[in-house]
Structures are given as C-alpha cells and as structure tokens.
There are 2 protein chains.
Amino acid sequence: MIPARSPDPGLDAPERCRLVSEVLSRVGDKWSVLVVMTLGDRPRRFSELKRAIGSISQRMLTLTLRGLERDGLVARVVTPSIPPRVDYELTPLGKSLRGPVEALGRWAMAHQGEVQASRAAFDASSGTGGLA
Amino acid sequence: MIPARSPDPGLDAPERCRLVSEVLSRVGDKWSVLVVMTLGDRPRRFSELKRAIGSISQRMLTLTLRGLERDGLVARVVTPSIPPRVDYELTPLGKSLRGPVEALGRWAMAHQGEVQASRAAFDASSGTGGLA
DNA sequence: CAGAATCCCATTGGATACTG
DNA sequence: CAGTATCCAATGGGATTCTG
C-alpha cells in the first residue's frame, strides 16, 4: 500500500550503509525509541508525554519530538487556545517503526538476565582473581 | 533450549523498563550494531574488523569490543604468538541479536527515502517561507 | 501549557604516541 | 599486531529562567 521507494538498487553499498546508519542513529539515541513507544497508538499532549516518561527533561523532550517530526515519524497538531494545546501522534511511518523496535525490546527482555550475568562475571574476573 | 530465565514476572514494570533500556543503550551506541553485523557469521581479527568498518577509530573499536564482550555478545580468542593474534566472534547470544537488528536495518533501508524527503521538506519550511 | 534561551558539567570520541 | 594512555574538541543533556 505504501509507495515507499523500494530499496533503490541504484545506490552503492557504502552509500546505502551511510544512509541506514544515519537513520539508525535516530533510533539509537536515548529518547526517540522511548517517545515512539510511549506515543503508542493514540495522540498525547506534551506534558502528558513528559509525565509518562518521567525521567526526561523538558528540553530533551522538545528536541526529541522535533527530530522525530523532522524525520516524519511524528505529527505535531496545535490547537491554538489559551492555554495552548499541542498533541503529538505517530504518523503511519512512525507506526511502521514500532514493529522492529518492539522486536528489539522483546530481545532485551528475553536476554536481559544473560546479559546481566555476563556483566557480573566479567566484572568479577576483571577486578579480583583475574591475574592479581 | 537456552535456559534464558523467562521474562521474570517478579520484576515490576519500571524496573523491567530500566533494565531493557540499559540493554538497548548498548545497541543504541554508534558502533555496537555495526560491529555485530560486521562480525556476522565468522570470527574476525582486530585489524580485519577495523579495516572492514573503516571509519571507526582504533580506540572506539577496542572500547566497543570490550563492552560487547562484557555483555556476553562477543567472545575474544587470543592466540599468543608473535605477532599476537586476537580473534573476535559472536557468541550464541550475540548471534541471537542479529535477527532483530537486521529487522531494524531492513526498516531503515525500506524507509530511508521517506525519511530523507521528510527532512528536506521540514528544513525547507523551517528556513524559507515558513513565516518570514 | 508549551517552549525557547542560557549556563554549565559530564560523557563521547578522535588523534596521537607509546608498549608488549 | 593489538592494544593502553593521554590530551583535547565536540556533543549531550540537566537545571533554571523567561515568554506567548
């Protein structure tokens, strides 16, 4: 249904890689994923988002939302009233990102224990006993 | 087959969220994903990795590999010879991460055009015409 | 309420030089 | 070859203050 120019075989590998990692860097940053998932399926107001995420500063929420808006993942809807009301919601593109992101989240949930165990073991043999 | 303590219903939501985002932050950083994907399916030597990735500094490659090793995603195999030889390879846990990461990569490839277009549009209406 | 602007500290990460 | 150590610049990001 989505036109979504298919992978575009005209680009060479290094160039594609650059573009992909540029897109991934948005996903990579600390807040974008959190905001996308919090936005979930219904629009949310600015302060509603802030409260839902809790740990984010107002500055970073603004910056993150601007970035997501610029990339077409989030739509900003202003209702000019007093006090002003601004709602944010995922665009179709933004929603399409939820699938892969949730997959990563499930991986993290499923393997979090192993990762923690590995970290503990690594730290233990790094400090004590390793070679001292 | 893997024991992999299942999601552990004993943890409360905020705590789980913290752990998940801690794991995601490893995936989130600039190099980890690139290294994991470059490692792919066979072991690679240090300098082989460095050349394959190209843009990474030797310092960051070392740091990234240490982090991945600590998290149990990568195994470090030292062959004490002169000159020394060190191979890195994905552990089963590391390999299990490739699936979700590739899914994200495919998303980025598929939608890279839309994102770029959106950025261009956003930047255009931000600078010129918006309200000047 | 939503946000822009400023200040300032902490972390990231590159370049370079040195070692086993 | 495979690092470690040091220095330094750029960025990230919190706290606070001010505005429409």
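Each chain gets a letter, A, B and so on, in the order its sequence line appears, and its residues count up from 1. FYI, side chains are in, hydrogens and waters are out, and symmetry mates aren't considered; it's all heavy atoms of this structure.
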Worksheet entry | Side-chain donor/acceptor of B:Thr91 to backbone N/O of B:Gly94, under 3.5 Å |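 Yes, B:Thr91 side chain to B:Gly94 backbone: donor-acceptor pair under 3.5 Å.
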Worksheet item: Okay, side chain of B:Ser118, backbone of B:Glu114: is any donor-acceptor separation there less than 3.5 Å?
Response: no
Rounded to whole angstrom units, what separation is found between the [atom1] atom of [X] and the [atom2] atom of [N]?
X: A:Leu49; N: C:dC1; atom1: CG; atom2: P; result: 14 Å
X: B:Leu63; N: C:dT12; atom1: CG; atom2: P; result: 9 Å
X: A:Ile53; N: D:dG13; atom1: CD1; atom2: P; result: 13 Å
X: B:Leu61; N: C:dG13; atom1: CG; atom2: P; result: 13 Å
X: B:Lys30; N: C:dT12; atom1: NZ; atom2: C1'; result: 9 Å
X: A:Arg51; N: C:dA2; atom1: CZ; atom2: C1'; result: 13 Å
X: A:Arg26; N: D:dG12; atom1: CZ; atom2: P; result: 10 Å
X: A:Met60; N: C:dA10; atom1: CE; atom2: C1'; result: 14 Å

Please report the shortest heavy-atom distance between [X] and [Y], naming the atom on each side.
X: B:Lys50; Y: B:Ile56; answer: NZ-O, 2.9 Å
X: B:Arg76; Y: B:Tyr88; answer: NE-OH, 3.2 Å
X: A:Pro84; Y: A:Arg45; answer: O-NH2, 3.7 Å
X: A:Thr38; Y: A:Arg44; answer: O-NE, 3.5 Å

Practice prompt. Between A:Arg85 and B:Ile56, just flag the one whose closest nucleotide in DNA chain C comes earlier from the 5' side.
Written response: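 Closer to the 5' end of DNA chain C: A:Arg85.
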Item to complete: Taking only the side-chain heavy atoms of A:Pro84 (C-beta and beyond), determine which of C:dG13, C:dC1, D:dA2 contains the nearest atom.
Response: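 Comparing C:dG13, C:dC1, D:dA2 against the side chain of A:Pro84, the answer is C:dC1.
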Discussion item. Need to verify one output field. Residue with the more 5' nearest nucleotide on DNA chain D, A:Asp29 or A:Pro83?
Written reply: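 In this pair, the answer is A:Asp29.
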Item to complete: Determine, for nucleotides 3-9 of chain D in 5'-to-3' order, which nucleotides have protein heavy atoms under 4.0 Å from the base (write B), from only the sugar-phosphate (write S), or from neither (write -).
Response: BB-B---
Worksheet item: Are B:Ser57 and C:dA15 close enough that a side-chain N or O sits under 4.0 Å from OP1 or OP2?
Response: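 It does not, given that no N or O in the side chain of B:Ser57 lies less than 4.0 Å from OP1 or OP2 of C:dA15.
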Worksheet entry | Atom pair CE (A:Met60) and CG (A:Asp29), whose distance is rounded to the nearest 0.5 Å |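 Spacing of CE (A:Met60) from CG (A:Asp29) equals 6.5 Å.
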